[in-house]
Amino acid sequence: MKRAIILFVMFMGMVGLSACVSDNLNTSDTSTPDRPEKMYEDVAAEDFKQVHISGNASSIVIRCSESENFEFYNGDLNPAHTYTVRCDKNGETLNIEVMMENPEKDNNVLGSPMIDIPEKEFEIIEIAGNFGQVSLQTIHSDVLIHANDSLVNLDLEADRLNHNITLDGSELNTFRKVSVYFDKFPDNVRMNINLIQGGTINDPQDILKEKGVESGSEKPVISINYAQELNIYSEE
């Protein structure tokens, strides 16, 4: 059910109030009933090797682009939410910031800003900041997600997962909940799990035991450090 809600949010959106750094982007020609409005102009992949994503939105979705550009869409179903997107190019690094106006006054997650990552390899895509919830689809780069008392949803395709995903938490800064959704039982993934003391694992399909995901020797590696709760599921 939770996965269905995530997919619904990612593919549907209503027009929200969005702002860009320089000029407001005219989205009248980019919005369609089945595609959310653009929040910011496309950014060409160029020669970037690293991508840093930060901000304070209540929820954000990171997914693969269908083009060679970084694309930014507003999938929020609440038109009262206002966002600002900033992109800073610094040599081989692209810094992306997604800010939400007054997030502390409204924690009702009805949708998410969405960042589409070009289908090419980067050295690393780093996600930090004050996002309340991060949803990540399979992308073609190593990923590092920093803990900030946040929820993380990993929506992964086993056959296309060829890069490491690291959830970087600590004793002082943990993940409240991590949910991993595989499209099928993976046979090419190793999971390193380090929950906080008293943390819980919900594995109703016994993926970690029966499929050897936890003790496998193959790459890629999904490392989950200092999470309070881990949920793992497969559609298969």
Side-chain angles (χ1 to χ4, degrees), residues 1-11 53 58-64 75 107 109-112 114 117 124-236:
M1 176 64 69
K2 184 153 190 165
R3 177 174 177 139
I5 293 173
I6 293 172
L7 293 176
F8 173 80
V9 168
M10 285 168 20
F11 288 104
I53 301 172
S58 297
S59 179
I60 192 166
V61 172
I62 313 297
R63 60 185 188 175
C64 236
N107 293 319
V109 178
L110 294 176
S112 308
M114 295 175 284
I117 306 294
I124 193 166
I125 294 176
E126 186 174 8
I127 303 168
N130 297 313
F131 298 122
Q133 179 171 283
V134 176
S135 296
L136 175 74
Q137 292 187 13
T138 307
I139 54 180
H140 301 284
S141 303
D142 284 358
V143 177
L144 175 63
I145 304 176
H146 294 285
N148 187 32
D149 191 34
S150 52
L151 307 177
V152 175
N153 301 308
L154 302 179
D155 192 3
L156 306 175
E157 299 175 67
D159 287 345
R160 299 178 68 242
L161 184 58
N162 298 312
H163 294 82
N164 298 333
I165 298 174
T166 302
L167 274 61
D168 179 35
S170 67
E171 292 183 359
L172 298 178
N173 206 353
T174 64
F175 295 96
R176 274 182 291 149
K177 182 188 295 185
V178 178
S179 297
V180 184
Y181 303 89
F182 290 107
D183 61 335
K184 67 178 184 178
F185 289 118
D187 57 6
N188 64 323
V189 175
R190 177 160 56 97
M191 295 189 73
N192 293 334
I193 299 172
N194 179 24
L195 303 184
I196 65 171
Q197 185 174 1
T200 59
I201 297 178
N202 177 25
D203 182 19
Q205 296 165 292
D206 288 330
I207 296 175
L208 297 178
K209 294 179 181 178
E210 294 185 4
K211 301 301 174 180
V213 178
E214 189 174 21
S215 59
S217 59
E218 301 293 328
K219 284 190 175 183
V221 179
I222 299 175
S223 298
I224 300 173
N225 300 312
Y226 291 97
Q228 299 178 32
E229 179 181 340
L230 170 65
N231 302 296
I232 181 168
Y233 306 100
S234 170
E235 289 185 346
E236 196 173 61

- Please report the closest heavy-atom contact between Asn173 and Ala147, naming both atoms and the distance. ND2-O, 2.9 Å
- Determine the minimum heavy-atom distance between Pro220 and Asn162, stating which atoms define it. CB-C, 3.9 Å
- Message: Evaluate Ser234 against Gln205 for side-chain hydrogen bond (donor to acceptor under 3.5 Å, both in side chains), listing each step before the verdict.
- Response: CA-CA 8 Å; Ser234 170; Gln205 296 165 292; 5.0 Å; no
- Does the side chain of Ile224 come within less than 4.5 Å of Met191's, by heavy atoms? yes
- Just wondering, do Ile193 and Leu230 contact through their side chains at under 4.5 Å, heavy atoms? yes
- Message: Using only atom types and a distance under 3.5 Å, with no angle test, would you say the side chain of Glu229 pairs donor to acceptor with the backbone of Thr200?
- Response: no
- Do Val221 and Asn192 come within less than 4.5 Å of each other through their side chains, counting heavy atoms only? yes
- Query: With a 4.5 Å heavy-atom cut-off, do Lys184 and Glu157 have their side chains touching?
  - Reply: no
- Query: Would you say Asn231 and Val178 make side-chain contact, with heavy atoms under 4.5 Å?
  - Reply: no
- Task: Would you check, one step at a time, whether the test side chain to side chain contact (heavy atoms under 4.5 Å, CB included) holds for Thr166 with Ser223?
- Result: CA-CA 5 Å; Thr166 302; Ser223 298; 4.3 Å; yes
- Item | Atom pair NE2/CG of His163 and Asp142 - distance to nearest 0.5 Å | 6.0 Å
- When every non-hydrogen atom of Leu154 is compared with those of Val152, the smallest separation belongs to CD2-CG1, 3.8 Å
- Note on the structure: One should read off an interatomic distance between Lys177 NZ and Leu151 CG, to the nearest 0.5 angstrom, of 6.5 Å
- Message: According to ring-ring contact (aromatic ring centres under 6.0 Å, His included), who are the partners of Tyr233, at least two apart in sequence or on a separate chain?
- Response: Tyr181
- Nearest 0.5 Å, what's the CG-CG distance between Leu136 and Leu156? 6.5 Å
- Salt-bridged, Arg63 to Asp155, with N to O below 4.0 Å? no
- Message: Test your reading of the model: is there a side-chain donor-acceptor pair from Asn153 to the backbone of Ser179, 3.5 Å cut-off?
- Response: no
- Task: Report the residues that fulfil side-chain contact (heavy atoms from CB on, under 4.5 Å) with Asn194, sequence neighbours left out, ordered by chain and then residue number.
- Result: Asn225, Tyr226
- Query: Do Ile125 and Ile139 have side chains that get closer than 4.5 Å, going by heavy atoms?
  - Reply: yes
- Message: I'd like to check Ile222 versus Asn164 (side-chain heavy atoms, cut-off strictly below 4.5 Å). Are they in contact?
- Response: no
- Task: Determine the minimum heavy-atom distance between Gly132 and Arg176, stating which atoms define it.
- Result: O-NH2, 3.7 Å
- Task: Using side-chain contact (heavy atoms from CB on, under 4.5 Å) as the criterion, list what pairs up with His146, not counting sequence neighbours.
- Result: Glu126, Ala128, Leu144, Asp168
- Query: Can you find a heavy atom in the side chain of Asp159 that is under 4.5 Å from one in the side chain of Asp183?
  - Reply: no
- Nearest 0.5 Å, what's the CG-CZ distance between Asn148 and Phe131? 10.0 Å
- In short, Pro204 meets Ile232 closest at the heavy-atom pair CD-O, 3.8 Å
- Query: What pair of heavy atoms forms the shortest contact from Arg160 to His140, and how long is it?
  - Reply: NH2-NE2, 3.1 Å
- Item | Rounded distance (nearest 0.5 Å) linking atom CG of Leu208 with atom CG of Asp203 | 4.5 Å
- Message: Rounded to the nearest 0.5 Å, what separates atom CD1 in Ile117 from atom OG in Ser141?
- Response: 8.0 Å
